[in-house]
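Note that ligands are numbered from 1 as they come in the structure, with each ligand's atoms numbered from 1 the same way.
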Amino acid sequence: MMNCWLGIDVGSVSTKLVLMDDEQSIIKKVYLKTGSSPMKSVLKGYEELFSGTKKELRICGAGTTGSGRRIAAAMTGADVAKNEITAHGVAAISVDKNVRTVLEIGGQDSKIIFIKDGAVYDFNMNTVCAAGTGSFLDRQASRLGIPVSEIGALAEKSTNPVKIAGKCAVFAESDMIHRQQEGCKSEDILAGLCDALVRGYLNNLATGKKIIEPVMFQGGVAANTGIKRAFEKALGFPIKVPEQYDVMGAWGAAIIAQKKVKMKSEIKAEQS
Ligand code: ADP
């Protein structure tokens with residue numbers, strides 16, 4: 001029988017599930033669209049996660065996070081439902097105990113997390129400005145007729161990124177349309193879009209804060225190499241995208257559940 005821990009992150013755009021072993025390594029992960037029903041996406045993710053896995057798995061505990069963490073916890077009987085800041089921070093620290101800053105961009109919000117000595121000491125979250133999110137990138141990619149997964153490769157080809165307003169989604173979009181009408185190349189518009197998103201993110205979330213290395217970039221948008229490059233250009237140093245960038249919240253939730261269950265059983269053992 002193999003012990004494992006379940007982590008679930010229900011976001012507005014995607015639902016992520018991980019199975020983690022006792023050593024905190026991910027055995028299996030699932031990333032799927034949340035769609036209109038978080039309940040359905042959790043059920044579907046559950047089925048996918050356990051299909052084809054060995055029958056002898058023993059789930060020792062479960063943790064949930066994300067905007068749908070409560071519903072996911074109620075559905076699965078999870079041991080803990082934790083906010084995304086803590087879950088993302090915990091997973092980043094487990095990848096690199098020296099991590100100082102986490103940049104996280106998801107479908108409908110973005111966050112910055114400040115860490116010292118393996119603990120989160122400050123954070124900032126933006127849930128109101130659409131310009132700094134994955135959904136905004138999705139919308140612009142579809143307007144230009146390209147998959148969002150190709151933004152990075154195309155932006156990399158740019159030799160002359162155009163200037164796009166980054167403060168507000170409405171202005172950014174109208175700037176982009178303007179540039180298209182002027183005949184600017186898609187790659188230059190996309191590179192400008194990445195620069196604008198990063199400028200907006202840093203202005204919104206990091207004004208007056210020092211971004212210290214090592215910096216980790218996670219969340220679905222970390223797949224976008226155009227945004228990674230734009231961050232590196234703006235910050236002036238390299239940032240790391242962890243291998244499990246897309247499921248860091250779910251992974252963190254599994255780690256938190258493991259800690260909680262182990263602590264509970266230690267207390268029980270002491271009392272008996
Ligand atoms: P949530 O906020 O629901 O947790 P995610 O963290 O999964 O969402 O982020 C979703 C966003 O990630 C999408 O809106 C999209 O912009 C981006 N994304 C996801 N997969 C890719 C990919 N392969 N390439 C580029 N961007 C991606």
What is the closest protein heavy atom to [atom], and at what distance does it sit?
atom                    : answer
atom 24 (N) of ligand 1 : Ser149 CA, 3.4 Å
atom 4 (O) of ligand 1  : Lys16 NZ, 2.5 Å
atom 16 (O) of ligand 1 : Asp138 OD1, 2.6 Å
atom 12 (O) of ligand 1 : Gly220 C, 3.1 Å

Task: Residue that, paired with Met75, satisfies side chain to side chain contact (heavy atoms under 4.5 Å, CB included) out of Leu43, Val10, Ile8 - done: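 Answer after filtering Leu43, Val10, Ile8: Leu43.
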
Is the shortest distance from a Lys or Arg side-chain nitrogen in [X] or [Y] to a carboxylate oxygen in the other one below 4.0 Å?
X      : Y      : value
Lys163 : Asp195 : no
Arg179 : Glu182 : yes
Glu232 : Lys228 : yes
Glu84  : Lys111 : yes

Identify, by atom number and element, the atoms of ligand 1 in contact range of [X], meaning under 4.0 Å from any of its heavy atoms.
X      : value
Ser135 : 14 (O)
Ala223 : 21 (C), 22 (C), 23 (N), 24 (N), 25 (C)
Gly134 : 14 (O), 16 (O)

Open item on the list: Evaluate Asn224 for polar contact with ligand 1, using N/O atom pairs at a separation under 3.5 Å.
Closed with: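 For ligand 1, there is no N or O atom that lies under 3.5 Å from one belonging to Asn224.
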
- [ ] Say whether Val13, considering both its backbone and side-chain N or O atoms, lies within less than 3.5 Å of an N or O atom on ligand 1.
- [x]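 For ligand 1, there is an N or O atom that lies under 3.5 Å from one belonging to Val13.
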
Open item on the list: Using the ring centroid of each side chain, check whether Phe114 and Phe123 are separated by less than 6.0 Å.
Closed with: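 No, ring centres 6.0 Å or more apart.
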
Open item on the list: side-chain hydrogen bond (donor to acceptor under 3.5 Å, both in side chains), that's the test. Do Asp188 and Ser158 meet it? Break it down for me.
Closed with: CA-CA 5 Å; Asp188 291 333; Ser158 165; 2.7 Å; yes

- [ ] Determine, considering heavy atoms only, which of Gly107, Ala250, Gly219 sits nearest to atom 2 (O) of ligand 1.
- [x]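 Closest candidate by heavy-atom distance is Gly107.
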
